[in-house]
Amino acid sequence: MFTLDPRSATPLVTQIVDGFRRMVEDGTLRAGTKLPSIRQFAATHEVSVYTVVDAYDRLVALGFFASRPHSGFFVRSRASGALAQTSTRGNYTFDSMWYMRRIFENRSLSSKPGCGWLPSEWLFGEGVRRSLRALATEGVDLGGYGEPKGYPPLRQLVRDLLAEHQVNANTDQVLLTQGSSQALDLAARRLVRAGDSVLVEEPGYANLLSSLRFLRARLVGAPRTPQGWDLEALEARVREHRPKVFFTQPRLQSPTGSSAQLAHLHRVLQLAEKYDFVIVENDIYVDLDPETRPSLASLDQLQRVVHIGSFSKTISPNIRVGYMAAQPDLLEELAQLKMLSGLTSSEFTERLAYGALVDGRWRKHVKHVRERLAEAHQRTAAQLLGLGFELFCEPEAGMLLWARHPAIANSAELAYKAAESDILLGPGHLFLTDLAPSPWLRFNVAFCTENVIAFLREELGAVQRQAA
């Protein structure tokens, strides 16, 4: 084994990654060898458990380690190929905490086709500014805290928006949160305990997967399809693992962009009833969907479904305003947990969001964003197909496309090269339960500019020339 130097300028995480990588590359650790557990390594080397978690996650992402549920970490058989070779490059790392940390540290990158938000000029900035001017005129009291469940007029408005989508709830069933991330975190901390089996989509929402790993949940993947889910595999895994909760994103799902068909929604609700689990429905892209389609919450009327939404994707991610709706008793428990963890959310930003939503130009703005995204989807899909990519599906709505290329064995390596070219990509392993190297990439069509396509064309051309 290798030694760590806490006095070195090289971070401990990097020392661990480099040490194991050398041992794998020089044959000291052979494929199939079981690695020390995270706690064993941390105790032996007197470092934080979280440092070791970070390092092991990076080694999984880089293709050196494989994570096996209930068994631990093992040395992975190394792949070959032009884009399967892995190395750390520059100061960029794409580990399981990437969304929580790296993506914001790398915001200086000029092109962000791997991110999960809209460009600033696509957002409702003018509506927020009008709302801000109105608040300044009204002389809002900036002292004290807001209401525990959030600004009452906005909760009433959320109730009305839900009713437009056939979800009947009263205002007391609505809890405002600091974006959908806090809503998902509250649901996870209320419904999940360490060691619990939790059903998640595969591939799934990267932020959520990281949060559940932190809670030490046992992630059970439900394979996603262009129509929704692989229902046979989903039921088999529910029957085997008996999860307490299913976290899902039926509409314009991240990372695939797919939307579940009505028959799939009904079947998931039947399984929830049969096997007694709760469904947490993350519906943050509802405003970007030009189609009127049912949600799990509209079919279930919040009996087994916790419904989550957000205004970050269309108004502004900076104001951090989201919401959740649930049956009354559970909603009260979630509100108490919100108070325990952060007292109240910001009434000031909730008032800002409310002012933007009641602005007479709000619906016109949303319609315009949908039209721009449809055009961007058509253009980006054609460009990626022209480069030889395979698309998981073509949703023609929302922000996302999920694609892979036959020349790419491990998209993390391409992501490192892109970062050196001032481009932030979304490598596929971030969206998988086991963080295994993946050829898939998540593309945000709103950020797929010509320089991004040119970079992909150049890199793929170099691979083809090398193969020849």
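Between Lys149 atom NZ and Met324 atom CE the span is 12.0 Å, to the nearest 0.5 Å. The CZ atom of Phe443 sits 15.5 Å away from the CE atom of Met399 when rounded to the nearest 0.5 Å. Separating the CG atom in Leu199 from the CG atom in Leu219 is a distance of 10.0 Å, to the nearest 0.5 Å. For the atom pair Leu271 CG and His266 NE2, the distance stands at 13.0 Å (nearest 0.5 Å). A distance of 5.5 Å separates CD in Gln227 from CD in Gln261, rounded to the nearest 0.5 Å. Atom CG of residue Asp196 and atom CZ of residue Arg242 lie 14.5 Å apart, to the nearest 0.5 angstrom.
Of the possible polar contacts, none joining the Asp230 side chain to the Pro223 backbone as a donor-acceptor pair under 3.5 Å is found. In this structure a side-chain-to-backbone donor-acceptor pair under 3.5 Å is present from Arg370 to Asp287. Side chain of Ser259 to backbone of Leu252: a donor-acceptor contact under 3.5 angstrom is found. The main-chain N or O of Ser298 is found under 3.5 Å from a side-chain atom of Gln301 such that the two form a donor-acceptor pair. Under a 3.5 Å cut-off, the side chain of Ser180 and the backbone N or O of Ala183 do not form any donor-acceptor pair. In this structure a side-chain-to-backbone donor-acceptor pair under 3.5 Å is missing from Ser211 to Asn207. One N or O on the side chain of Ser411 and one on the backbone of Trp440 form a donor-acceptor pair closer than 3.5 Å. With Gln178 contributing its side chain and Ile319 its backbone, the two residues share no donor-acceptor pair below 3.5 Å. With hydrogens and angles disregarded, no donor-acceptor distance shorter than 3.5 Å links the side chain of His429 to the backbone of Ala436. Panel note: side chain Arg193, backbone Arg189; a donor-acceptor pair is recorded below 3.5 Å.
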| message | Arg133 vs Glu126, test: salt bridge (charged side-chain N to carboxylate O under 4.0 Å, His left out). Steps then yes/no. | response | CA-CA 11 Å; Arg133 287 193 291 269; Glu126 187 53 44; 3.3 Å; yes
| task | Take Phe247 and Tyr205, measure what side-chain contact (heavy atoms from CB on, under 4.5 Å) needs, and give me the verdict at the end. | result | CA-CA 9 Å; Phe247 288 88; Tyr205 194 48; over 6 Å; no
| request: For side-chain contact (heavy atoms from CB on, under 4.5 Å), just list the numbers for Leu391 and Leu384, CA-CA rounded to whole Å, side-chain angles, deciding distance to a tenth of an Å, and then say yes or no. | output: CA-CA 8 Å; Leu391 302 181; Leu384 292 176; 4.2 Å; yes
| message | Quick one, Arg155 with Asp172, criterion salt bridge (charged side-chain N to carboxylate O under 4.0 Å, His left out). Give me CA distance, side-chain angles, the key distance, then yes/no. | response | CA-CA 8 Å; Arg155 288 167 51 217; Asp172 284 337; 3.5 Å; yes
| Test log, rule salt bridge (charged side-chain N to carboxylate O under 4.0 Å, His left out), inputs Asp359 and Arg130 | CA-CA 8 Å; Asp359 187 298; Arg130 284 193 291 270; 2.6 Å; yes
| query | Taking it one step at a time, do Lys338 and Ser345 satisfy side-chain hydrogen bond (donor to acceptor under 3.5 Å, both in side chains)? | reply | CA-CA 8 Å; Lys338 172 188 170 183; Ser345 44; 2.8 Å; yes
| field | Verdict with supporting geometry, Leu269 and Val305, side-chain contact (heavy atoms from CB on, under 4.5 Å) | value | CA-CA 9 Å; Leu269 289 171; Val305 174; 4.0 Å; yes
| request: Walk me through it: do His377 and Leu401 pass the test side-chain contact (heavy atoms from CB on, under 4.5 Å)? | output: CA-CA 8 Å; His377 262 283; Leu401 279 173; 3.9 Å; yes
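Annotation for Arg218 and Ser197: closest pair NH1-OG, 2.5 Å, computed over non-hydrogen atoms. Between Trp117 and Phe447, the closest heavy-atom pair is O-CE1, 3.0 Å. The shortest heavy-atom contact between Val128 and Leu352 is O-CD2, 3.9 Å. When every heavy atom of Ala188 is checked against every heavy atom of Leu212, the shortest pair comes out as CB-CD2, 3.9 Å. When all heavy atoms are compared, the tightest approach of Ser258 to Pro226 is CB-O, 3.7 Å. In plain terms, the two heavy atoms of Leu186 and Ser341 that are nearest each other are CD2-OG, 4.2 Å.
For the residue pair Gln270/Arg267, the side-chain donor-acceptor check at 3.5 Å is satisfied. Under 3.5 Å, the side chains of Arg442 and Ser254 contain a donor-acceptor pair of N or O atoms. At a cut-off of 3.5 Å, with distance as the only test, no side-chain donor of Gln156 or Thr171 sits close to an acceptor on the other residue.
Residues Phe431 and Trp402 bring their aromatic ring centres within 6.0 Å.
The residue from Leu234, Val198, Val200 that alone fulfils the side chain to side chain contact (heavy atoms under 4.5 Å, CB included) condition with Phe246 is Leu234. Here the rule is side chain to side chain contact (heavy atoms under 4.5 Å, CB included) with Val286, and of Arg251, His307, Arg293 only Arg251 fits it. The only option from Trp362, Phe124, Tyr323 that meets the ring pair (Phe, Tyr, Trp, His ring centres under 6.0 Å) definition with Phe311 turns out to be Tyr323.
Side-chain contact check for Asp283 versus Ser310: every heavy-atom pair is 4.5 Å or farther apart. Inter-residue side-chain proximity for Leu424 and Ser111 is flagged as unmet; no heavy-atom pair is nearer than 4.5 Å. Residues Val280 and Leu184 form a side-chain contact, since some pair of their non-hydrogen atoms from C-beta on lies under 4.5 Å apart. Residues Gln166 and Pro294 have side chains not in contact (no heavy-atom distance under 4.5 Å, counting atoms from C-beta outward). Side-chain atoms of Leu456 and Leu414, non-hydrogen and from C-beta on, do get closer than 4.5 Å to each other. At a threshold of 4.5 Å between non-hydrogen side-chain atoms, the residues Phe73 and Lys34 do not count as touching. Taking the side chain as every heavy atom from C-beta outward, Val174 and Leu331 never approach each other to under 4.5 Å. The closest side-chain heavy-atom distance from Phe64 to Arg76 is not below 4.5 Å.
Applying the 6.0 Å contact sphere to CG of Asn318 captures no more than 12 heavy atoms from other residues, nucleotides or ligands. The neighbour count for Gln378 CD, taken as heavy atoms of other residues, nucleotides or ligands under 6.0 Å away, does not exceed 12. More than 12 heavy-atom neighbours from other residues, nucleotides or ligands sit within 6.0 angstrom of CD on Glu235. More than 12 heavy atoms of other residues, nucleotides or ligands sit less than 6.0 Å from atom CD of Glu164.
Tyr151 and Tyr354 have perpendicular rings, their planes meeting at more than 60° on a 0 to 90° scale where under 30° would count as parallel. The aromatic rings of Phe41 and Phe20 sit tilted, their planes meeting at an angle between 30° and 60°.
For Glu273, the side chain to side chain contact (heavy atoms under 4.5 Å, CB included) partners are Arg304, not counting sequence neighbours.
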